Amino acid sequence: MKPRLITFKKLSPSFYRQPTLDVAKALLGKILVRSIEGGQIAGRIVETEGYIAATDAACHAYRGETARNRSMFGPAGTAYIYRSYGIHWMLNIVTEPEGEAGAVLLRALEPLETLEQNLHTLRRNRANANRALEKKLTVVQLANGPGNLTKAFAIDRRLDGVSLQSDELFIATAPEVSATDVVVTTRVGITQGRALPWRYFIKANPFVSKGRPS
DNA sequence: GCGAAGATTGGCT
DNA sequence: GCCAATCTTCGCC
């Protein structure tokens with residue numbers, strides 16, 4: 001039975017004030033919600049990575065504040081969005097107190113099938129009017145990578161610096177994922193900080209991205 | 001002012 | 001497995 005309406009409860013600001021790696025772990029299982037024209041789209045977070053400026057050379061803010069990474073220095077619980085490889089937008093959740101920089105990269109989502117029109121809207125966003133692609137995309141492919149999920153959720157630089165207490169983009173509460181179901185590895189696609197085990201994903205979840213630890 | 005590199009993806013060999 | 005696509009930012013000349 002698919003409910004016609006789902007009420008989402010936003011994670012409180014205090015959730016994001018936990019240490020970065022605690023937030024990265026605790027975000028697993030939570031629901032990313034995006035309000036756009038035509039309704040809400042949502043997905044369950046199944047893969048994250050932590051980045052901490054103070055000790056982590058892979059973090060964009062390791063060498064201090066710049067124009068690009070400015071929102072990472074803002075209050076915990078805001079969005080940090082940047083362009084990757086000239087092609088993809090990456091969505092991060094800012095952590096650490098204002099003035100210090102840290103963030104959690106959202107790497108993969110499991111689309112909610114119980115939300116009306118959700119898969120249809122995600123497919124449309126991913127395919128971007130390409131009818132052939134729209135038909136080909138499986139549910140797994142809709143948001144199983146950091147660049148794919150921003151495309152599916154219509155997320156770009158316009159949302160950089162937005163508070164996650166806003167209605168257009170927020171994260172909703174959901175039952176905690178059991179510690180035995182969380183897998184910890186090193187991060188994907190980086191050249192610095194390769195040894196740090198700061199990637200988290202839900203064990204055996206088919207929506208986790210295909211990126212291998214570097 | 002300019003060049004190199006990047007927290008990726010998908011298609012082809 | 002390898003590689004191109006594409007563009008913004010940063011760091012250095």
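In what follows, every chain begins at residue 1, and chains take the letters A, B, ... in the order their sequences are listed. Keep in mind that what you see is a predicted model, and the values were worked out from it rather than measured.
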What is the nucleic acid contact for [X], judged by heavy atoms within less than 4.0 Å: base, sugar-phosphate only, or nothing?
| X | answer |
| --- | --- |
| A/Arg83 | sugar-phosphate |
| A/Asn148 | sugar-phosphate |
| A/Arg126 | sugar-phosphate |

When A/His88 and A/Arg157 are each assigned the nearest nucleotide of DNA chain C, the 5'-most assignment goes to A/His88

>> On DNA chain C, does the nearest nucleotide to A/Ser84 precede the nearest nucleotide to A/Glu65 from the 5' side, or the other way round? Give the residue.
In response: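 Checking each residue's closest nucleotide, the 5'-ward one belongs to A/Ser84.
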
Does NZ or CZ of [X] come closer than 6.0 Å to the centre of the six-membered ring of [Y], within 45° of the ring's axis?
| X | Y | answer |
| --- | --- | --- |
| A/Arg34 | A/Phe153 | no |
| A/Arg157 | A/Trp89 | no |
| A/Arg187 | A/Tyr51 | yes |

Original post:
When you compare C/dG1 with B/dA7, how far apart are their P atoms, in angstrom units rounded to a whole number?
Top reply: 22 Å

Between CG of A/Asp160 and OH of A/Tyr82, what distance do you get to the nearest 0.5 Å?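 Here the rounded value is 11.5 Å.
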
Between A/Val188 and A/Leu133, whichever has its closest DNA chain B nucleotide further toward 5' is A/Val188

- With a 4.0 Å heavy-atom cut-off, tell me which residues in residues 191-214 of chain A come close to DNA chain C, sorted by residue number.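 Residues of residues 191-214 of chain A that come under 4.0 Å of DNA chain C do not exist, since none gets that close.
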
Whole angstrom value for the distance that separates [atom2] of [N] from [atom1] of [X]:
| X | N | atom1 | atom2 | answer |
| --- | --- | --- | --- | --- |
| A/Arg70 | C/dT8 | CZ | P | 18 Å |
| A/Arg63 | C/dT9 | CZ | P | 17 Å |
| A/Lys151 | C/dT6 | NZ | C1' | 14 Å |

(message) What range of DNA chain B does chain A touch, first nucleotide to last, counting atoms under 4.0 Å from its heavy atoms?
(response)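 The contact span of chain A on DNA chain B goes from B/dG6 to B/dG10.
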
**Study point:** DNA chain B: stems of at least 3 consecutive Watson-Crick or G-U pairs whose donor-acceptor distances fall under 3.5 Å
**Key:**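 Stem list for DNA chain B: B:1-6 with C:7-12, B:8-12 with C:1-5.
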
Checking side chain to side chain contact (heavy atoms under 4.5 Å, CB included) against A/Ile45, which of A/Leu149, A/Leu106, A/Ile31 comes through?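 For A/Ile45, the side chain to side chain contact (heavy atoms under 4.5 Å, CB included) test succeeds with only one of A/Leu149, A/Leu106, A/Ile31, which is A/Leu106.
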
